[in-house]
Peer 1: 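First the structure, which I've put down as structure tokens, then a few questions once you've had a look.
Side chains are part of it too, since the values below use all heavy atoms of this structure and drop only hydrogens, waters and symmetry mates. First the proteins, then the strands, lettered A, B, ... as listed; each starts at 1.
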Amino acid sequence: MAYWLMKSEPDAYSIEDLRRDRTEVWDGVRNYQARNFIASMAIGDKAFFYHSNTKPPGIVGLMEVVEINVVDPTQFDRESKYYDPKSLREKPRWHTVTVGYLETFKSVISLDELRKTFSPEELWVVRQGNRLSVMPVDDMVAEKLLHKIQAA
DNA sequence: GCCAACGTTGGC
DNA sequence: GCCAACGTTGGC
């Protein structure tokens, strides 16, 4: 079982939305590195939900991977900003996962706090200028995070 | 709203 | 294959 971190702007889709929906297809990822990370996910993996572009940005909850190899429907949707005219129905370019809601943390673990706790090598999200929206989280880092939440 | 970081596109 | 131009992300 591996740990991940997945970003979303809460205006677009938040942990509250996921709590309501229970599960959600994580669509709209159009970055190859992020896509490759998604492709290496397994059912049962856990992912920290990170709210970006908000005050404060940070980790707000936990979800799990419940389905893999999901064809991202937005690539065929002309109305979607994620529409990809190069993608063919018989050969989709973008696959993703379905995530399931696990919990909302009692308080946000802010980016500021993450910076104080982890080095850029330990946790990619604290790297300056990091724009990657899906990234792996080292087991030890994940355990520290979960412990921090229990303490909070 | 600004702007640094940085990924992508396209001309050559 | 290089790299300038361009577009987007996301913290501040």
Peer 1: Does a donor on one side chain and an acceptor on the other come within less than 3.5 Å for A:Thr74 and A:Asp72?
Peer 2: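 Their side chains do contain a donor-acceptor pair, which is all the 3.5 Å distance test asks for.
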Peer 1: Checking one residue: A:Trp94. Which other hydrophobic residues are in its cluster under the side-chain 4.5 Å linking rule?
Peer 2: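 When side chains under 4.5 Å apart are linked, the cluster holding A:Trp94 also contains A:Tyr32.
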Peer 1: Pick out which of A:Trp124, A:Tyr3, A:Trp26 makes a ring pair (Phe, Tyr, Trp, His ring centres under 6.0 Å) with A:Phe37.
Peer 2: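 Testing A:Phe37 for a ring pair (Phe, Tyr, Trp, His ring centres under 6.0 Å) against A:Trp124, A:Tyr3, A:Trp26 leaves exactly one candidate, A:Trp124.
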Peer 1: For every nucleotide of nucleotides 5-12 of chain C, 5' to 3': is a protein heavy atom under 4.0 Å from its base (B), only from its sugar-phosphate (S), or from neither (-)?
Peer 2: --BBBBBS
Peer 1: Which residue lies toward the 5' end of DNA chain B, A:Gly129 or A:Lys86, if each is placed at its nearest nucleotide?
Peer 2: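 Taking each residue's closest nucleotide, the earlier one in sequence belongs to A:Gly129.
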Peer 1: Regarding A:Asp17 and A:Ser14, do their side chains bring together a donor and an acceptor under 3.5 Å, going by distance alone?
Peer 2: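 A donor-acceptor contact under 3.5 Å links the two side chains.
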Peer 1: Can you tell me which residue pairs pass the salt bridge (Lys or Arg N to Asp or Glu O under 4.0 Å) test with a partner in residues 128-144 of chain A, sequence neighbours excluded?
Peer 2: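 Checked against salt bridge (Lys or Arg N to Asp or Glu O under 4.0 Å) - neighbours excluded - no pair reaches residues 128-144 of chain A.
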